[in-house]
Structures are given as C-alpha cells and as structure tokens.
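All remarks here apply to the structure that follows.
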There are 2 protein chains.
Amino acid sequence: MTETAYPNEARQEAATSAGGERKRGIDRVIILLEALLRQRAPMRVGDIARLIGAPRSTTYEIVNRLLEADMLETVGADGHVYFGRAMHLFGWAYSHHNAHYPRIVETLDRLAADSGETAQLCGLRGNKYVVLDCRDSTGPFRISSQVGVEVPIPWTASGRLLLTHMSDEAVRAFVPAEDYRLPDGRVIPQEEFLADIALARRQGYSESAALADRFTWCLAAPIRDGRGSVTLTLCFVLPVDTPEPRRIELLAMLRERTASLDLMGE
Amino acid sequence: MTETAYPNEARQEAATSAGGERKRGIDRVIILLEALLRQRAPMRVGDIARLIGAPRSTTYEIVNRLLEADMLETVGADGHVYFGRAMHLFGWAYSHHNAHYPRIVETLDRLAADSGETAQLCGLRGNKYVVLDCRDSTGPFRISSQVGVEVPIPWTASGRLLLTHMSDEAVRAFVPAEDYRLPDGRVIPQEEFLADIALARRQGYSESAALADRFTWCLAAPIRDGRGSVTLTLCFVLPVDTPEPRRIELLAMLRERTASLDLMGE
DNA sequence: CACTTATGTCCGATATACTGTACACCTTGC
DNA sequence: GCAAGGTGTACAGTATATCGGACATAAGTG
C-alpha cells in the first residue's frame with residue numbers, strides 16, 4: 001500500500017481563506033479524518049497540516065491526541081500516520097448494529113464467489129453515493145472499486161434505487177445540479193433521471209451502461225429495511241461488453257439473493 | 001439489537017471528580033466514542049452526558065457536531081444516537097490498509113464455515129486483548145464473542161502469542177498486575193504466564209482451557225507480519241468438553257491455514 | 001391536578017485551546 | 001561550510017469553546 005489510490009489532486013480541504021481562521025479542535029479532527037479518508041494512504045503530519053489548512057502546531061497537538069486514543073496509528077518509521085484500531089472497532093460497531101449485516105456480507109461474498117465478478121455493497125452518505133464494501137473480480141481484468149469514495153448519485157445504477165423512497169420534488173431538492181454532469185461532460189436531464197428512479201421502483205432493480213465511465217455495466221438490486229425503504233443495495237460491476245445472456249443470468253442471481261435479505265428490520 | 005451486551009455496569013467513565021472540570025472538545029469526543037463502544041447500543045444524549053460526566057449543554061453541542069459529520073447517527077425516533085456511516089468508512093480504511101486483510105478475513109470465514117465452530121480474529125489494543133472480528137458457531141449452543149471488548153491479555157490463549165515478540169522484562173512492564181487475576185478469582189503466577197509465552201513462541205500456537213471462563217477451550221495461531229512479529233491471531237473458541245481428537249483436528253486446520261497468511265508484509 | 005424528571009435550546013462569563021512564533025535538531029544540496 | 005527545508009517541541013496571548021444555569025416543552029406518576 002505505497003501508492004495513493006488516485007492521481008494525487010492535492011487540493012486543500014479548508015484553505016479557501018488562506019488567512020488564519022481559528023477553528024475548534026473537533027472541527028479540525030473531522031476535517032483531518034475526512035482528508036485521510038480521501039487520501040487513502042498514511043500521511044505525515046506536516047502534509048496533513050498543509051492539506052487541511054491548519055497550523056502545524058495545532059496539527060501536531062491533535063494528531064498526538066488521536067494517536068493516544070488509537071484513532072490514529074503511526075505507520076512505518078518516518079512519521080506517517082493513518083487510521084488506528086479504535087476506528088476499526090467503531091466502524092464494526094456501526095455495521096453490526098444492524099443485526100442482519102453479517103448475512104448481507106455473506107451474500108456479497110457468495111455473489112462475488114459464484115459469479116467471479118466484482119460485487120459491491122452500496123449506500124448513501126449525505127447526498128452522495130458511496131461503496132460500503134466490495135469483493136473484487138477474480139478475473140485478469142479487474143474492475144476494482146474504491147470503498148468510501150463519494151460519487152454523485154446520478155452516476156450510478158444503485159443511486160437510482162437509493163432514491164426510490166423520495167418524491168420527485170424531494171429528489172430535485174436533494175441532488176445538487178452539478179451532480180447530473182457525468183465525468184465525460186454529458187449531462188443527464190433531470191426528467192430522465194426522475195424517470196429512471198420511477199422505473200427502478202417499478203422493476204425492483206436498476207441497470208446502467210457506461211454511465212460513470214465507458215467500461216462498466218452495472219446491475220443493482222435493493223435491500224429493503226423494516227419500513228420498506230431502500231437504504232442499501234447490492235450490485236455487480238461488469239465489463240461493458242458482457243454478453244446479454246450472461247447479464248440476464250447475473251441479474252437473476254443478484255435479484256434473487258438480494259430479495260432474500262428483504263423484510264428485515266433495521 | 002435491543003439488549004446491552006453485558007449486564008449494564010453503569011460506571012461513569014470520567015466522573016472520578018464529580019466537580020466540574022473543564023475539558024476540551026477533542027477529549028470529550030474520544031471519551032464519548034469509547035463510552036458508546038462499551039455500551040454497544042444507541043444511547044440518548046442525556047444518558048451519554050451522565051455516563052461520560054460532561055455537562056448536558058456541552059454534550060448536545062458535541063453530539064450535534066458529530067451527527068453533522070456522520071460520525072454519529074440518530075437511531076429510532078426518540079433521540080438515540082450511535083456510530084454513523086463515516087465510522088464504517090474510517091474503519092474499513094484502517095483494516096484494508098493492510099493489503100492482505102481480505103485474505104485474512106477470507107481465512108476466518110473458511111475456518112468458521114468448514115468447522116462450524118466459533119472463530120475469531122484477535123489483536124491488541126494498548127495493553128489489552130480485543131477481538132477484531134468473529135464468525136459465530138452455527139451450532140445450537142453458540143459461544144458468541146464480543147468484538148471490541150477489551151480483555152486482560154493473560155485471560156486468553158491469543159494473548160500469549162501476541163506477546164511472543166517481547167522479552168520477559170518487557171512483558172512484566174507491559175501487563176498490569178491486576179490483569180493476572182482471572183474472573184473467578186484465581187491468579188496466574190507471572191512466571192507461569194512468561195513460561196506460557198515462551199511455550200507459545202516455541203510451538204507456534206497457543207492453547208488454553210477454562211481460562212477466562214469455565215466453558216471454553218481456546219486454540220490460537222499467529223499471523224506474522226513482515227518483520228516476523230505477531231500482531232494478529234486467529235483462534236477457535238470451543239466448548240470445553242470438545243473431544244481431544246476433534247481438538248487436534250481443528251488445531252491442525254487452524255495452524256495450516258493461518259501459516260499460509262505468514263510472510264506477508266504489513 | 002400538582003409534582004417530578006426528562007429533552008432540547010439559548011446565553012453570558014471566563015478558563016483555556018488554539019495559534020503564531022521561536023527554537024533545536026536533522027537531512028539534503030551545492 | 002552554509003543555506004534551505006524538513007521535523008518535533010515549547011510557550012505566551014487572546015479569541016472563543018466550554019460551562020452552568022435558565023427556559024419552554026413534554027412525558028410519566030400518584
């Protein structure tokens with residue numbers, strides 16, 4: 001794990017006003033953790049300070065406190081830090097608070113194992129889509145995905161399912177206008193997106209080709225919580241040239257197994 | 001997830017001096033998260049305030065900030081809060097920073113599935129032992145275990161393996177005297193514990209019967225990191241009356257599969 | 001009903017956490 | 001050797017986060 005996940009777009013998180021604004025510790029902590037999550041790699045304290053736009057002295061203070069608490073951990077010998085074991089335990093507690101989570105993960109495992117394709121567990125974070133867990137394809141040409149990276153909702157098949165509990169009006173208010181613009185510059189008309197959501201609601205699944213990128217075909221199916229809302233989805237991420245019969249077969253597998261997770265209270 | 005994991009020992013975390021000591025936000029946050037981890041259940045803000053010995057107004061302030069950041073999440077309709085999705089992502093990033101983590105979890109899965117017994121992934125947190133992940137037995141009499149609960153190192157078979165990289169002197173300095181006292185009142189002589197560690201080092205596994213409680217027999221095997229230290233272990237938690245041939249069979253399975261995870265840098 | 005106990009919000013005062021700056025130390029480059 | 005640039009620590013001042021207390025509201029109790 002020596003390379004950063006993405007071409008390092010060293011944008012500053014909070015340095016809109018470079019001038020010294022005093023911020024409280026909690027805010028610094030939150031910004032720091034989010035920055036580490038985006039970086040997806042251990043960082044040195046000096047770099048963290050620069051990235052989050054905090055004074056070096058403050059950053060040392062905070063990092064040391066978080067190290068003490070095990071929320072951060074030193075990595076290697078040259079002052080890099082990354083998330084610590086406490087975070088694992090907090091995160092585990094979060095996931096497993098839903099008593100059915102182990103079954104969901106088991107289903108994810110089996111989907112990936114039986115198909116050999118990349119499978120993901122997806123949800124929302126604020127008004128963005130995130131991958132919560134994944135099993136990468138075993139094939140030679142892996143389509144791997146980034147857990148924790150926020151993606152505009154309209155870029156994804158799962159995103160359509162995750163908004164099925166909302167009215168058109170609510171969706172319009174929820175999704176930022178700029179999120180309709182795809183990475184390649186195409187813009188999805190809002191009405192088309194709303195129709196996609198309605199279709200996903202009727203069908204009980206969602207499918208999208210070459211949406212976020214030109215190489216993938218996504219199949220997504222909803223996991224309904226106790227009140228019938230879709231808060232999680234399972235999906236396959238396939239090469240875009242996957243033959244139709246294969247796609248149909250995989251969709252059936254996905255829908256069948258995901259449906260068996262329904263009707264479970266959260 | 002309605003019941004608390006352990007008989008609710010409503011001890012206060014920080015209320016040694018009930019008198020008002022001003023504390024900074026970061027410290028409150030850390031204490032709050034640790035309290036939530038021990039409670040293993042959503043709590044209301046008022047209860048949190050009492051538990052961590054913080055003023056109500058401060059607690060509201062902090063909880064609301066953490067809710068905004070998605071580090072906490074409201075649960076149900078009556079003001080309960082618990083860990084939020086951000087924690088999941090931070091924790092995921094922590095675990096998967098070790099590129100071999102998926103293989104470790106897969107091994108854990110297979111151990112549990114193939115044996116039908118309870119299997120755990122264990123490590124240290126500070127000078128305590130913690131379960132990092134587990135797969136509960138499928139049998140009718142489940143021995144289930146608590147991820148994230150801190151346990152004195154001498155109470156566990158894995159604990160002996162996790163100290164094999166330390167000198168006797170280092171172990172003496174590391175393990176608090178009171179941790180040698182078992183729940184039933186017996187006290188493990190320090191020399192015996194040191195001998196256990198030496199044995200574990202020679203054997204490459206550790207075994208313990210009726211240690212932390214009278215009902216379990218534990219088998220543990222080490223996962224060595226790049227430098228040969230044992231930072232993680234895999235273990236079986238068996239009913240204490242498991243017949244010896246079965247124990248031998250399971251130990252062989254455990255050692256074989258765990259060994260295949262060795263030689264991997266962290 | 002009155003009484004108790006809880007929640008969630010607001011506000012002024014003050015103890016202090018955060019900041020800027022300085023320092024000692026190490027490495028790198030020329 | 002000297003300058004440049006990094007790390008990690010230390011300290012005093014001040015902007016402000018924390019705290020205690022007050023308030024309105026709601027729920028439970030006898």
Side-chain angles (χ1 to χ4, degrees), chain A residues 8 10 12-36 39 41-69 71-82 84, chain B residues 8 10 12-36 39 41-69 71-82 84:
Chain A
N8 192 339
Q12 315 236 114
E13 305 281 327
T16 42
S17 68
E21 274 183 26
R22 197 185 174 118
K23 273 219 175 99
R24 61 174 174 169
I26 300 192
D27 293 332
R28 298 282 191 206
V29 168
I30 291 168
I31 294 169
L32 191 160
L33 295 175
E34 293 290 344
L36 260 190
Q39 210 69 13
M43 284 199 279
R44 279 177 305 175
V45 184
D47 296 326
I48 296 176
R50 208 170 321 109
L51 185 63
I52 69 177
R56 251 162 32 84
S57 55
T58 305
T59 309
Y60 272 103
E61 173 69 24
I62 290 177
V63 166
N64 286 331
R65 186 69 189 85
L66 293 179
L67 285 171
E68 249 179 78
M71 291 177 60
L72 295 182
E73 208 171 272
T74 60
V75 175
D78 46 356
H80 287 79
V81 298
Y82 202 53
Chain B
N8 191 338
Q12 315 235 116
E13 305 282 326
T16 43
S17 67
E21 275 182 25
R22 199 184 174 121
K23 273 219 174 97
R24 62 174 174 171
I26 300 193
D27 293 332
R28 299 283 190 205
V29 167
I30 291 169
I31 294 169
L32 191 161
L33 295 175
E34 293 290 344
L36 215 45
Q39 210 68 13
M43 283 200 280
R44 280 175 304 174
V45 184
D47 296 326
I48 295 176
R50 208 171 320 107
L51 185 64
I52 68 178
R56 257 166 21 90
S57 55
T58 305
T59 310
Y60 272 102
E61 174 68 26
I62 290 177
V63 166
N64 285 331
R65 187 69 191 83
L66 293 178
L67 284 171
E68 248 179 79
M71 291 178 60
L72 294 182
E73 207 172 274
T74 58
V75 175
D78 46 357
H80 288 79
V81 299
Y82 202 52

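Below, chain A is the first sequence line, B the second, and so on; all start at residue 1. No hydrogens, no waters, no symmetry mates; every other heavy atom, side chains included, goes into these values. Everything numeric here is computed off the predicted structure, so don't read it as measured data.
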Is any side-chain heavy atom of A:Leu32 closer than 4.5 Å to a side-chain heavy atom of A:Val63?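 In contact.
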Pairwise side-chain contact, B:Lys23 with B:Thr58, heavy-atom cut-off 4.5 Å (strictly under): no
Measure [atom1]/[X] against [atom2]/[N] and give the value in whole Å, please.
X: A:Arg24; N: D:dC19; atom1: CZ; atom2: C1'; answer: 14 Å
X: A:Ile48; N: D:dG8; atom1: CD1; atom2: P; answer: 11 Å
X: A:Arg28; N: C:dA17; atom1: CZ; atom2: C1'; answer: 12 Å
X: A:Ile26; N: C:dA17; atom1: CD1; atom2: P; answer: 13 Å
X: B:Arg65; N: D:dT16; atom1: CZ; atom2: C1'; answer: 16 Å
X: B:Ile62; N: D:dT18; atom1: CD1; atom2: C1'; answer: 9 Å

Taking only residues two or more places apart in sequence, or in another chain, which ones meet B:Tyr82 in a ring pair (Phe, Tyr, Trp, His ring centres under 6.0 Å)?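 So B:Tyr82 forms a ring pair (Phe, Tyr, Trp, His ring centres under 6.0 Å) with A:His97.
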Among residues at least two apart in sequence or on other chains, which ones pass side chain to side chain contact (heavy atoms under 4.5 Å, CB included) with B:Ser57? B:Pro55
Can you list everything that forms a salt bridge (charged side-chain N to carboxylate O under 4.0 Å, His left out) with A:Arg65? Sequence neighbours excluded, please.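 Residues passing salt bridge (charged side-chain N to carboxylate O under 4.0 Å, His left out) with A:Arg65: A:Glu68, B:Asp27.
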Could you work out, with salt bridge (charged side-chain N to carboxylate O under 4.0 Å, His left out) as the rule, every residue matching A:Glu61, not counting sequence neighbours?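 In terms of salt bridge (charged side-chain N to carboxylate O under 4.0 Å, His left out), with neighbours along the sequence ignored, A:Glu61 is linked to B:Arg24.
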Measure the spacing between CD1 of A:Ile26 and CZ of A:Arg28 and express it to the nearest 0.5 Å. 13.0 Å
When the C1' atoms of the five terminal pairs at each end define the local axes, what inter-axis angle does the helix from C:dC1-D:dG30 to C:dC30-D:dG1 show, to 10 degrees?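 Comparing the axis at each end, I get an angle of 40°.
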Would you mind building the protein contact string for nucleotides 4-15 of chain C? One character per nucleotide, 5' to 3', B for base within reach (heavy atoms under 4.0 Å), S for sugar-phosphate only, - for untouched. ---BBBB---BB
Which one of A:Arg56, A:Met43, A:His80 satisfies the side chain to side chain contact (heavy atoms under 4.5 Å, CB included) criterion with A:Ile48? A:Met43
